[in-house]
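Numbering of residues begins at 1 and proceeds along the displayed sequence. Any value given below was found using the heavy atoms of this structure, including those in side chains, with hydrogens, waters and symmetry copies removed.
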Amino acid sequence: MFKPLLGAGAALAGLAIALAPAAAQTLEKIKQRGVLVVGSKADYKPFGFRDPSGAIVGFEPDIARLVADKLGVKLEIEPVVSSNRMQFLQQGKIDLMIATMNDKPDRRLLVGIIEPLYYASGVNVLGNKKAGLKNWEQLKDQKVCAIQGAWYNKPVAEKYGADIVAFKGQTEAEVALQQGNCIGWVYDDTAFAERLADPKWAGFEMTLPTILEEPWGLAVKLEERDGAWGKFMAEQLEEWHRTGKLIELEKKWGIQASAFLKQMHDKYAKKS
């Protein structure tokens, strides 16, 4: 009687192994392949954008480079946008996603957001000066450009009555805004500093108070979060905060000093 039971047990064990997530193998797969594939924005200067040669560079690609160098492998950057970045990770098109993604509960159900988090931003509007925006309530019944997949599109529409017109990427939103199809563009406040310093945006301003400040999280596949790959990335994040490496990259790319990064550095420096 025991033989069938043992056989069934062995079969179940084998099935468990077969169905086990690839988490424990991911780190080794990257090393064996000799290439780390990271999803990053290519239209979000200075966090991720194309240089004159077409290469994707910026704050987040530099973070990706730190990971690749630590592993001793080549780095391949795969351009992503807000509407496809999580799907690319789920589908295995990328090993790691570092793409200006706010950490939200619903996203934690889809991808493995790693802690500690690495940056933070709030939400604001790049408005046409002719609109004279002074408060968020002025967006009521007004067409406002946005990016598909941005988590704050819905709350801004519901709370302030904005008529959200969502585009696939920043380029499309920029064109629509400059052509007067929207009175403003609701997006991360970090994305507007670069534009406000550019003469071509002289007719626009960011006058509303920043709202909905949220930290950013890089991510691995959901089933890999607590595996070797997720734990490796958590260790790297702690080290970058402890040493101030992310603050160095922030300065390198001319980004205004983030209170979030200072707080995280102080927190992890005390632990060392």
Could you walk me through whether Gln138 and Tyr160 pass side-chain hydrogen bond (donor to acceptor under 3.5 Å, both in side chains), step by step?
-> CA-CA 8 Å; Gln138 287 176 265; Tyr160 301 107; over 6 Å; no
Hey, does [Y] have a side-chain heavy atom less than 4.5 Å from the side chain of [X]?
| X | Y | answer |
| --- | --- | --- |
| Asp106 | Trp151 | no |
| Ile113 | Arg225 | no |
| Val220 | Val111 | no |

Trp253 and Phe59 aromatic centres sub-6.0 Å | no
Would you check if the side chain of [X] reaches a backbone N or O of [Y] as a donor-acceptor pair within less than 3.5 Å?
| X | Y | result |
| --- | --- | --- |
| Asn124 | Ile211 | no |
| Asn128 | Gly184 | no |
| Tyr152 | Asp188 | yes |

May I ask you to establish whether Lys245 and Trp240 are in a cation-pi arrangement, using a distance under 6.0 Å from NZ or CZ to the six-membered ring centre and at most 45° from the ring axis?
-> no
Exactly one of Trp201, Trp185, Phe192 clears side chain to side chain contact (heavy atoms under 4.5 Å, CB included) with Met206, and that residue is Phe192
Can a salt bridge be assigned to the pair Glu214 and Lys104 using a cut-off of 4.0 Å between side-chain N and carboxylate O?
-> yes
CD1 on Ile183 to CG on Leu126, rounded to 0.5 Å = 11.5 Å
